[in-house]
Amino acid sequence: MTNLPPSPLPCPIMIYDGDCRFCCVAVERWRNATGAAITYVPYQELKEQIAGLSDKDFRKAVHYVDAHGHVHLAAEAVFQAMANCGRKRWLLGLYKHVPPFAFAAEFSYRLIAANRSLLSSILAFWRGKDLRPPTYVISTAIYIRLMGLVYLIAFASLWTQIDGLIGDHGILPASDFLTAANDCCAQQVPPTSSVWNFPTLAWLSPHDGYLNALCASGIITSVLLMTGILPILALVILWILYLSLLVVGQDFLSFQWDILLLEAGFVSIFLAPVAFRSKFLRDRHPPRVAVWLVWWLVFRLMFESGAVKLSWSNW
């Protein structure tokens, strides 16, 4: 921290190098996270110089001027700004009270600052001219509606076959399966809950009319999801309905794509906007954790699909 005579400010200021693309990208991310809590100003646009600091100092590192007029620079400036906005204050605590952490933070900052030109070139190639952080609003809106379409196809195709597959006079009646499952759980030592081990709404009624009602409910809810009405509630209902049918579907719903639909549908619940109706391009940014869950699902799907092909090639 630079020792300057404190002069209260209406709002903390983060001063950065406006000619550095890497700095501009970082500032756009911070601005998106902090909102109006911090004012971001390129040192090239400073209306008056800060005593004791030159343009050379500003080119070396970002400077954070807190509400009391104290100036912090480099890694400390980042941690002070985060703490001021109530984000990860423990990092500032580590910086102040754990010297090895402070040394590592400042060393990492200097290392990155010394290679800003290279990093700026990489960012320019990777990101183009748009410095704004990705929001995934458009992709999430499309993804949610496509999930509704997939659910619609799944329930519609199953509805045309359900009586012949697991109906009262089907190949593998759901009522017989649930009776056997209940007997199996009762014979365990100690007895276990059949409802817990076989979670399905078919326990209420495993007969034709109720099974058809589950499919019809799935189709109606899928249409609601595609139109953006109650997206989170619709996704929860669709997941419960499909899980209920998958449990009693036995051999007919035991394929990889059935499990994949359940996994993708469950992850979609965390992506959906919290609103009565999705506004498509005006929805909120999905939680970062939800985006990572989708990426993790896609990675597992690609990796496991490749692993299966490689394992079969050895036979």
Side-chain angles (χ1 to χ4, degrees), residues 136-178 181 195 197-284 286 290 293-294 297-298 301:
Y136 302 101
V137 172
I138 298 176
S139 56
T140 298
I142 296 174
Y143 177 86
I144 294 298
R145 283 156 179 80
L146 289 179
M147 279 301 306
L149 177 62
V150 173
Y151 269 123
L152 176 63
I153 296 172
F155 282 110
S157 62
L158 181 59
W159 196 5
T160 61
Q161 312 169 67
I162 196 164
D163 289 343
L165 297 178
I166 59 174
D168 292 332
H169 303 288
I171 300 173
L172 296 174
S175 55
D176 294 347
F177 172 76
L178 292 180
V195 176
N197 287 282
F198 299 92
T200 172
L201 295 175
W203 286 110
L204 299 175
S205 175
H207 304 296
D208 290 348
Y210 190 75
L211 295 175
N212 280 270
L214 291 180
C215 292
S217 300
I219 291 176
I220 295 172
T221 310
S222 299
V223 173
L224 292 177
L225 179 60
M226 292 172 64
T227 56
I229 298 176
L230 295 172
I232 291 183
L233 181 61
L235 283 165
V236 172
I237 293 174
L238 287 169
W239 188 82
I240 294 174
L241 290 174
Y242 201 76
L243 174 64
S244 298
L245 292 170
L246 181 142
V247 170
V248 295
Q250 304 164 75
D251 295 343
F252 306 114
L253 292 175
S254 60
F255 297 97
Q256 180 187 19
W257 46 82
D258 296 304
I259 302 299
L260 178 61
L261 178 54
L262 277 182
E263 287 195 67
F266 185 77
V267 170
S268 302
I269 296 173
F270 303 97
L271 278 174
V274 182
F276 175 79
R277 182 165 186 174
S278 171
K279 299 177 182 178
F280 201 72
L281 300 182
R282 291 182 294 170
D283 287 335
R284 65 171 177 82
L293 286 175
V294 174
L297 177 61
V298 173
L301 175 63

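Positions are given from 1, in the same order as the sequence printed here.
In this structure, CG in D163 is found 13.0 Å from NE2 in H207, a value given to the nearest 0.5 Å. With rounding to the nearest 0.5 Å, the separation of CG in L146 from CE in M226 is 8.5 Å. We find the CG-CD1 distance between L230 and I237 to be 8.0 Å, quoted to the nearest 0.5 Å. Atom-to-atom distance recorded for I269:CD1 and L293:CG is 11.5 Å, nearest 0.5 angstrom.
Inter-residue side-chain proximity for F198 and W203 is flagged as met; some heavy-atom pair is nearer than 4.5 Å. Within the 4.5 Å cutoff, the side chain of Y210 has heavy atoms near those of the L201 side chain. The closest side-chain heavy-atom distance from P199 to L243 is below 4.5 Å.
Between M147 and S268, the shortest heavy-atom distance links the atoms CG-OG, 3.4 Å. Closest approach of L235 and A272 over heavy atoms only: CD1-CB, 3.7 Å. Nearest heavy-atom pair across D168 and P206 is OD1-O, 4.0 Å. For A154 against L261, the heavy-atom pair with the smallest separation is CB-CD2, 3.9 Å. Heavy atoms only, all atoms of each residue included: L211 and I166 are closest at CD1-O, 3.6 Å. L238 and F155 make their closest contact through CD2-CE1, 3.7 Å (heavy atoms, listed as atom of the first residue, atom of the second, distance).
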CA sep, side-chain torsions, deciding dist, call: D258, L262, side-chain contact (heavy atoms from CB on, under 4.5 Å): CA-CA 7 Å; D258 296 304; L262 277 182; over 6 Å; no
L245 and L253: side-chain contact (heavy atoms from CB on, under 4.5 Å), yes or no, with the steps? CA-CA 8 Å; L245 292 170; L253 292 175; 4.3 Å; yes
Would you sort out whether L233 and T221 count as a side-chain contact (heavy atoms from CB on, under 4.5 Å), showing the intermediate values? CA-CA 9 Å; L233 181 61; T221 310; over 6 Å; no
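Ring geometry for F266 versus F270: interplanar angle over 60°, hence perpendicular rather than tilted (30 to 60°).
Counting only distance, with no hydrogens or angles, the side chain of T200 and the backbone of S244 share a donor-acceptor pair below 3.5 Å. Remark: side-chain polar atoms of E263 are not paired, donor with acceptor, to backbone N or O of L297 under 3.5 angstrom. A donor-acceptor pair under 3.5 Å links the side-chain atoms of T160 to the main chain of S157, judged by distance alone.
For Q256, the CD atom sits in a loose shell: 12 or fewer heavy atoms of surrounding residues, nucleotides or ligands are nearer than 6.0 Å. Heavy-atom contacts from other residues, nucleotides or ligands closer than 6.0 Å to CG of L260 number more than 12.
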